Amino acid sequence: MTSQTITAAASGTWKLGDLTVNRVGFGAMRLTQHGEAFAADAVPRDRDQAISVLCRAVELGVNHIDTAAFSFSPLRSANGLINQALAPYPDDLVITTKVGPGRDPSGQWLAHATPEQLRGQVEENLRQLGRDHLDVVNLRIVGTDSIAERFGALAELREAGLIRHLGLSNVRLHHLAEAQSIAPVVCVQNMYGIGASPEQKEFLSTCGEQGIAFVPFYSIAGAGRTAGATTDHSPQVHAIARAHGVSAAQIRLAWTLHQGSHVLAIPGTGDIDHLAQNVAASSLRLSLEELTALDPLHRKTA
């Protein structure tokens with residue numbers, strides 16, 4: 001596979017509301033540091049290297065970037081790097097951000113934002129990105145409680161023109177129904193990858209039926225989560241990777257894209273070569289037999 005010549009256009013497109021994006025995007029969570037995201041002793045990534053990765057991502061056709069104001073390390077913030085690298089922004093670039101969680105300047109996590117505090121988080125993202133509105137804002141939550149007040153607060157900011165589209169992150173099916181009764185939801189960002197549970201697959205299918213983008217996080221990292229790509233690949237993943245002449249991480253990413261035309265991928269990296277490999281995975285075509293070998297549950301939806 002000649003990853004240098006493959007662009008994100010090979011992944012196909014999906015619409016976030018009225019915004020068309022290539023299905024392979026870029027996640028900025030780990031761009032600001034080396035090693036594990038949000039680690040107290042994180043070593044900041046070289047600024048020029050991070051900016052080069054962002055610029056190269058756009059050159060490779062990535063027009064969907066996922067970020068958050070709470071994604072920062074000492075000296076570096078994801079939003080600040082995006083602003084420095086890409087502003088003035090290309091007309092087709094869609095920047096998705098998350099609100100709900102927050103960190104103080106020392107990096108310590110704060111209690112999740114109240115409905116009243118969400119406006120401040122939205123305005124913080126606007127300032128850092130240098131924009132007068134946000135393309136997509138995901139409400140990220142923890143727990144199973146009602147999200148009506150918090151999502152309603154974001155819906156008001158949408159009506160005020162600060163937000164164009166709304167999404168959800170780390171939610172359950174009942175949260176989606178609750179949010180949809182308040183304002184349109186264009187995407188759901190939940191953990192998902194090879195070995196997903198029946199409940200996770202049901203959520204993905206429900207989003208497809210409703211025309212909502214499903215945006216998995218940790219699809220490559222797996223059990224590694226914030227630490228980065230897992231090395232605990234199954235024998236099936238390794239075998240299929242060898243057959244295609246690609247890395248195990250690329251197979252995991254390709255599998256993600258095969259889960260439905262509404263599924264978007266947002267792999268993140270601070271390395272130019274890994275970026276090219278992630279984008280190149282969009283051209284991988286897995287057979288039904290390979291998909292079934294990777295996850296027997298896939299047989300129900302293939």
Side-chain angles (χ1 to χ4, degrees), residues 25-58 62 64-87 95-113 117 120-122 124-130 134 137-138 140-142 169-170 189-193 215-232 247-249 252-253 265-279:
F26 181 84
M29 179 180 73
R30 300 183 64 250
L31 184 64
T32 67
Q33 76 288 311
H34 295 278
E36 184 169 358
F38 311 127
D41 58 351
V43 176
R45 190 173 300 279
D46 178 79
R47 174 184 173 278
D48 290 341
Q49 180 188 11
I51 287 177
S52 295
V53 168
L54 286 164
C55 291
R56 184 57 178 156
V58 171
V62 170
H64 175 213
I65 295 178
D66 178 78
T67 185
F70 58 76
S71 291
F72 64 85
S73 66
L75 304 181
R76 305 279 179 264
S77 75
N79 284 351
L81 290 168
I82 291 167
N83 190 343
Q84 293 170 45
L86 302 177
I95 299 177
T96 299
T97 190
K98 291 176 289 295
V99 296
R103 298 165 73 202
D104 69 21
S106 70
Q108 294 298 309
W109 288 102
L110 304 169
H112 277 221
Q117 292 170 331
Q121 290 194 347
V122 167
E124 182 180 13
N125 278 282
L126 289 168
R127 284 192 299 271
Q128 292 178 356
L129 290 167
L134 299 174
V137 173
N138 289 325
R140 181 172 176 81
I141 71 162
V142 172
S169 179
N170 202 41
Q189 192 178 99
N190 273 15
M191 185 172 175
Y192 194 87
V215 190
F217 56 81
Y218 300 150
S219 60
I220 294 180
R225 300 173 69 88
T226 56
T230 183
T231 57
D232 185 22
S247 70
R252 294 178 74 97
L253 185 55
I266 49 170
T269 182
D271 182 273
I272 288 280
D273 291 336
H274 287 165
L275 168 69
Q277 290 170 17
N278 289 341
V279 172

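Side-chain atoms are counted along with the backbone in the values below, which use heavy atoms only and exclude waters and symmetry mates. These numbers come from a predicted model, not from an experiment. Residue numbers start at 1 and run along the sequence shown.
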What are the two closest heavy atoms between Pro216 and Ile266, and how far apart are they? O-CG1, 3.8 Å
Output every pair passing salt bridge (Lys or Arg N to Asp or Glu O under 4.0 Å) with a member in residues 97-112, not counting sequence neighbours, ordered by first then second residue. Asp66-Lys98
Can you tell me how far the CG atom of Asn125 sits from the OG1 atom of Thr97, to the nearest 0.5 Å? 3.5 Å
Quick one: closest heavy-atom pair of Gly25 and Pro267, and the distance? O-CD, 3.6 Å
Is there side-chain contact between Leu54 and Ile65, with heavy atoms separated by less than 4.5 Å? yes
Within this structure, what is the OG1-CG distance for the pair Thr269 and Leu275, rounded to the nearest 0.5 Å? 7.0 Å
Given 3.5 Å as the limit, does a donor-acceptor pair link the side chain of Ser169 with the main chain of Gln189, or not? yes
Just wondering, do Phe26 and Asn278 contact through their side chains at under 4.5 Å, heavy atoms? no
Using atom types as modelled and distance alone, determine if a side-chain donor or acceptor of Glu124 lies under 3.5 Å from a backbone N or O of Gly120. no
For the student: nearest non-hydrogen atoms of Gln121 and Ala113, plus distance: NE2-CB, 3.6 Å
Nearest heavy-atom neighbours spanning Thr67 and Asn79: OG1-OD1, 2.7 Å
Should the ring pair Phe70 and Phe38 be called parallel, tilted or perpendicular, given that the plane angle runs from 0 to 90° and is split at 30 and 60? tilted
Looking only at atom types and distance, does a side-chain atom of Asn170 sit under 3.5 Å from a main-chain N or O of Arg140, one as donor and one as acceptor? no
Give the minimum heavy-atom separation between Ala85 and Ile51, together with the two atoms involved. CB-CG2, 3.7 Å
Does some side-chain heavy atom of Leu86 sit less than 4.5 Å from a side-chain heavy atom of Ile95? no
Check: Gln33 and Pro44 side chains under 4.5 Å, non-hydrogen atoms: no
Are any non-hydrogen side-chain atoms of Gln128 and Asn83 less than 4.5 angstrom apart? no
Does some side-chain heavy atom of Asp271 sit less than 4.5 Å from a side-chain heavy atom of Val53? no
Set of side-chain contact (heavy atoms from CB on, under 4.5 Å) partners for Arg45, sequence neighbours left out: His34, Gln49, Ala50
Separation of Ser77 OG from Gln84 CD (nearest 0.5 Å): 7.5 Å
Interatomic distance, Asp46 atom CG to Ser52 atom OG [nearest 0.5 angstrom]: 8.0 Å
Closest heavy-atom pair and its distance - Trp109, Pro101: CZ3-CB, 3.7 Å
Do Ser73 side-chain atoms and Thr32 backbone N/O form a donor-acceptor pair below 3.5 Å? yes
